[in-house]
Amino acid sequence: MEDNFVLDKEKEYLIYGVGGNGLLISQMLEELGYQLKGFIDKRAYSLGTVRKKPVWNLDTLKDLKAEADRIIIIISIKNVFGHSDIADELARRGFRQCIYKPLSVLKGYSDEKLEEISKAHDELFIERKVPEQTTLSRVCQSDRIYYRDRLLIEQDGTEVLAWMPLELLFNYKESDAYEQLNMSAFFPLGNLYRLFSGAAMEKADGFLNDFFCYASEWAWQRQIVVTEELKKSWVESRMAAFLQMQEISDFDFAFFHRSAPWVQMHDLGKFYLTCSGRNRVVFLAARGYCHVPVRLTLEDYEKWLHRDAFGKLRQYMQEQHIRKFSVPVPHPYLKDIPTEEAQYYQLVCFPIVTYLFRLIYLKARKIEREYIISDKDEVRLVKNSCSIICDMTDHGAFSRFLDRCGLPVRRVMRQDVLTKMLDELFYQYIEETQPQTEEYCKVFIIDNRKRIITRKTKKRAERIICVESETDTGNFDGYLFEETLSNILEMDGMKKVNVYKIGIV
């Protein structure tokens, strides 16, 4: 089969997507004398016909496979970042003659073949003309894999400035009761900054108490009496810093590059802050940033790259034709690999870990004379007793994150080679357990409610955290609904991250 195809009036054309763009292009093709065969849309059954032409979906498209060499598919959906995924799927089904916006072109790097495809798409949808007799390359899935370092900002000798994923970034290794806390879960400051942004106002009292407990440790160490006036000054001071950083982020984001905090790599492939910068990191996290600029040595950056393990992973991905991950992988060379759940950490991992650590610190809270603080030793004891079983279909991402956070986690075994290779890439070993194990845990984290219903345990978990559809939300099997940690909007409906606490239904 030739690797190229030509746009001409001998071919038949299918439009992927029955939207405004698709209808305009279909009308233009017919007016210019091109053969419009029909449309492809997931709503094929309900649409039936459009402009007196049939509509197929991806499943019924197999009826046209014998004609694939005569068919050119024009992808018209407005989300151009999803075009490459669609083109890959069409190619997998035998339809390799596609006009679309390649993802690598949108990200600023590609080759001449993909640039020509992108140009043809622009002529159709921007210039409103058909690039007649243009020769284009058929979809080749291998064109989509580009292993580029997307997190390096600059290197100056042995010093590196890079974007650090929040899931790898932790508070100072040795400091106060909040040492070694992941920066996405630094709830005393993070939640306060969210209140300043106008979010979660219904939880204001609890969030303020968390902040006062955090700040009281500073006062306790210096034997400063905590008064209502002092608490007010703490909030005013943080508000002033928040507003200043907010203005800087709007007009001079390069400030966060110039003042990027230093970090140092330690065990489990995680990075600790080594000096000032905590407030800046928490501010960016509270504003929704998933990566923050940091400085580190070239030696630590090379450890993060872990080239030997990455080389093995890359070879395995090529051999197994893996071109998409289920969730993002926090590695400089893997940031451009498409994912099924791009916001997995922000909407699932971060809210759950923040919830767990807030519980831990509440349990470790004590009164020391007139001071209410979280006891450092008690935090460590409560954290070590918070046993977790994680049963998520994410190639081990959440279990690795929990492990980095210092929480005792076991992962339900799935015999997944990719999961093991990602463990090695991040210098981690996660203890595994069988799906039907009767081992006890305090917290059971799942992405399918059916797993807990069929699970047999001698002693029930204190809490179940479940990623589930909105329609499934509600008490079940001896557990009472406690709260929703986040909402996830998907094409086929809403999902929620819900917490259930053992009780009597």
Side-chain angles (χ1 to χ4, degrees), residues 164 166 169-172 175-253 255-263 272-294 346 350-351 353-355 357-362 364-365 368 370-376 379:
M164 178 64 62
L166 278 176
L169 187 56
F170 291 77
N171 192 24
Y172 312 118
S175 58
D176 49 26
Y178 299 86
E179 66 187 20
Q180 303 183 33
L181 186 59
N182 183 262
M183 296 311 295
S184 73
F186 206 89
F187 64 94
L189 279 180
N191 286 337
L192 183 70
Y193 289 162
R194 291 182 183 95
L195 288 178
F196 292 161
S197 298
M201 297 303 293
E202 71 281 2
K203 297 182 179 180
D205 290 343
F207 287 173
L208 284 171
N209 286 333
D210 291 339
F211 170 68
F212 293 144
C213 181
Y214 162 74
S216 292
E217 184 168 336
W218 171 86
W220 173 64
Q221 291 173 349
R222 293 160 179 78
Q223 294 300 293
I224 297 173
V225 177
V226 178
T227 63
E228 291 303 314
E229 192 64 30
L230 180 60
K231 290 181 179 179
K232 182 180 178 182
S233 71
W234 283 340
V235 174
E236 289 175 346
S237 174
R238 296 295 181 183
M239 172 68 88
F242 172 84
L243 293 175
Q244 187 173 24
M245 287 189 287
Q246 184 168 260
E247 184 172 355
I248 289 171
S249 69
D250 288 341
F251 296 103
D252 183 23
F253 195 86
F255 162 82
F256 293 98
H257 288 200
R258 297 191 300 270
S259 62
W262 274 91
V263 300
Y272 293 105
L273 294 170
T274 60
C275 54
S276 63
R278 182 165 64 186
N279 280 312
R280 278 163 276 157
V281 172
V282 175
F283 166 80
L284 292 174
R287 288 290 299 270
Y289 287 89
C290 307
H291 301 76
V292 297
V294 299
Q346 303 95 293
F350 294 165
V353 166
T354 301
Y355 167 83
F357 272 104
R358 190 163 182 263
L359 278 183
I360 288 168
Y361 279 83
L362 284 171
R365 196 166 287 181
E368 188 75 27
E370 71 269 27
Y371 305 98
I372 301 176
I373 60 174
S374 289
D375 182 74
K376 183 175 179 178
V379 167

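These values consider heavy atoms only, across backbone and side chains, with no hydrogens, waters or symmetry-generated copies.
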Next item on the list: Evaluate the side-chain proximity of Val294 to Leu273: yes if any heavy-atom separation is below 4.5 Å, no if none is.
Entry: no
Next item on the list: Calculate, to the nearest 0.5 Å, the distance between atoms CD1 and CZ belonging to Ile360 and Phe187 respectively.
Entry: 9.0 Å
Checklist line | CD (Glu247) with more than 12 external heavy atoms under 6.0 Å | finding: no
Notebook entry, point to check: Can you check whether Thr354's main-chain N or O pairs, donor with acceptor, with Arg358's side chain at less than 3.5 Å?
Noted result: no
Notebook entry, point to check: Can you find a heavy atom in the side chain of Arg238 that is under 4.5 Å from one in the side chain of Asn279?
Noted result: yes
Notebook entry, point to check: Is there a side-chain contact between Tyr272 and Glu179, using heavy atoms and a 4.5 Å cut-off?
Noted result: no
Item checked: pair Ile372-Phe212: side-chain heavy atoms closer than 4.5 Å -> no
Notebook entry, point to check: Does the ring center of Tyr289 lie less than 6.0 Å from the ring center of Phe256?
Noted result: no
Note to self: Could you walk me through whether Tyr361 and Tyr178 satisfy the ring pair (Phe, Tyr, Trp, His ring centres under 6.0 Å) test, starting with their C-alpha distance in whole Å, then the side-chain angles of each, then the deciding distance to 0.1 Å, before giving a yes or no?
What the structure shows: CA-CA 9 Å; Tyr361 279 83; Tyr178 299 86; 4.7 Å; yes
Margin query: Would you say CG of Asp250 has more than 12 non-hydrogen atoms from neighbouring residues, nucleotides or ligands within 6.0 angstrom?
Written below: yes
Margin query: Tell me whether the count of non-hydrogen atoms from other residues, nucleotides or ligands lying under 6.0 Å of CD in Gln221 goes above 12.
Written below: yes
Note to self: Looking at every non-hydrogen atom in both residues, tell me the closest pair between Met183 and Asn171 and how far apart they are.
What the structure shows: SD-N, 3.5 Å
Notebook entry, point to check: Pick one: which of Asn191, Leu243, Val235 meets side chain to side chain contact (heavy atoms under 4.5 Å, CB included) with Phe196?
Noted result: Val235
Margin query: Go through it in stages, so that I can follow the logic: the residues are Asp252 and Arg258, the test is salt bridge (Lys or Arg N to Asp or Glu O under 4.0 Å), and I'd like the CA-CA distance, side-chain angles, deciding distance and then a yes or no.
Written below: CA-CA 10 Å; Asp252 183 23; Arg258 297 191 300 270; 2.6 Å; yes
Next item on the list: Kindly indicate, with the supporting measurements, whether the criterion salt bridge (Lys or Arg N to Asp or Glu O under 4.0 Å) is fulfilled by Lys376 and Glu217.
Entry: CA-CA 10 Å; Lys376 183 175 179 178; Glu217 184 168 336; over 6 Å; no
Next item on the list: Answer yes or no: is there a side-chain heavy-atom contact under 4.5 Å between Leu208 and Leu192?
Entry: yes
Check: Given the side-chain rings of Phe186 and Tyr193, with only the six-membered ring counted for Trp, is the space between their centroids under 6.0 Å?
Finding: no
Next item on the list: Kindly say whether Leu230 contributes a backbone atom to a donor-acceptor pair with the side chain of Thr227 at under 3.5 angstrom?
Entry: yes
Next item on the list: Please step through salt bridge (Lys or Arg N to Asp or Glu O under 4.0 Å) for the pair Lys232 and Glu229, ending with a clear verdict.
Entry: CA-CA 5 Å; Lys232 182 180 178 182; Glu229 192 64 30; 5.1 Å; no
Notebook entry, point to check: Are any side-chain N or O atoms of Ser237 and backbone N or O atoms of Trp234, one a donor and one an acceptor, separated by less than 3.5 Å?
Noted result: no
Notebook entry, point to check: Taking C-beta and beyond as the side chain, do Phe283 and Gln246 meet within less than 4.5 Å on heavy atoms?
Noted result: yes
